[in-house]
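Taking it in order: structure first as structure tokens, then the write-up.
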Amino acid sequence: MAGTRECNQDTAMSWPCVGEAGKTGDWRTARPVLDPAKCIAAQKNKLVCMQCWAFCPDSVVSRTAPPQIDLVYCKGCGICVAVCPTNAIEMRPENENETENKTVAEDTCCGC
Ligand code: SF4
Ligand code: SF4
């Protein structure tokens, strides 16, 4: 029987691979944005914390300081936001710029 160490992983568990669920396309409604000023790993310039890397179900957060998020494959689930102990990641709407660029007339239109 094959040992778990043969897959070069430390534990006997399944590991997702980047891109397993395919490219995200344009259906994601919000994307994670990381602020290095609040990130423990970025501030210490070390591979510490790494909760965002450990819990991302799509394995799209790099194990680097600071972590990088591959938005091509990120599904926008928000788990990285939920597990970050310092609130260094926030979800921002994909259409944020559209909202910012909206005119006052569009904002106040009654929809008639
Ligand atoms: S979980 Fe938050 S503080 Fe920890 S490495 Fe990720 S972004 Fe930085
Ligand atoms: S939003 Fe979800 S898929 Fe995207 S980086 Fe965070 S945990 Fe991973």
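Just so you know, these numbers come straight off a predicted model, no measurement behind them. Note that ligands are numbered from 1 as they come in the structure, with each ligand's atoms numbered from 1 the same way.
Close approach of ligand 1 to Cys52 (heavy-atom distance below 4.0 Å) involves ligand atoms 1 (S), 5 (S), 6 (Fe), 7 (S). Ligand-side atoms of ligand 1 in range of Pro85: 1 (S), range being under 4.0 angstrom from any heavy atom. Near Thr86, with a cut-off below 4.0 Å to any heavy atom, the atoms of ligand 1 are 3 (S). Heavy-atom proximity to Met50, at under 4.0 Å, picks out these atoms of ligand 1: 4 (Fe), 5 (S). Atoms of ligand 1 lying under 4.0 Å from at least one heavy atom of Cys39, given by number and element, are 3 (S), 5 (S), 7 (S), 8 (Fe). Taking every non-hydrogen atom of Ile89 and a distance limit under 4.0 Å, the qualifying atoms of ligand 1 come out as 7 (S). For ligand 1, the atoms lying closer than 4.0 Å to a non-hydrogen atom of Leu34 are 7 (S). Remark: ligand 1 atoms within the under-4.0 Å shell around heavy atoms of Gln51 are 1 (S). Near Ile69, meaning under 4.0 Å from one of its heavy atoms, ligand 2 places the atoms 5 (S).
Of all protein heavy atoms, the one lying nearest to atom 4 (Fe) of ligand 1 is Cys49 SG, 2.2 Å. In this structure, the protein non-hydrogen atom closest to atom 2 (Fe) of ligand 1 is Cys84 SG, 2.3 Å.
Minimum heavy-atom separation, Glu94 to Arg28: OE2-NE, 2.6 Å. Across Pro36 and Leu34, no two heavy atoms sit closer than the pair CD-O, 3.3 Å. For the pair Pro85 and Gln51, the tightest heavy-atom approach, listed with the atom from each and the gap, is CD-CG, 4.5 Å. Between Arg31 and Pro93, the shortest heavy-atom distance links the atoms NH1-O, 3.0 Å.
Residue-and-atom listing of protein N/O/S atoms under 2.8 Å from atom 2 (Fe) of ligand 2, sorted by chain and number: Cys77 SG.
Val83 and Val81 are not part of a single hydrophobic cluster, where members link through side-chain heavy atoms under 4.5 Å apart. In the hydrophobic clustering of this structure, Leu47 groups with Trp53; members are Ile, Leu, Val, Met, Phe, Trp, Tyr whose side-chain heavy atoms approach within less than 4.5 Å, directly or through other members. One hydrophobic cluster holds both Ile89 and Met91 under the rule that ILVMFWY side chains link at heavy-atom gaps under 4.5 Å.
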Pairs of donor and acceptor atoms involving the side chains of residues 65-80, under 3.5 Å and at least two apart or interchain, shall be tabulated with distances.
unit_1, atom_1, unit_2, atom_2, d
Asp70, OD1, Val72, N, 3.0
Lys75, NZ, Gly22, O, 2.8
Lys75, NZ, Thr24, OG1, 3.3
Lys75, NZ, Tyr73, O, 2.6

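Residue Ile40 holds its CD1 atom at 9.5 Å from CE of Met50, rounded to the nearest 0.5 Å.
Counting heavy atoms under 4.0 Å from ligand 1, residue Val61 does not touch it at all. Within the 4.0 Å heavy-atom criterion, neither part of Val83 lies near ligand 1.
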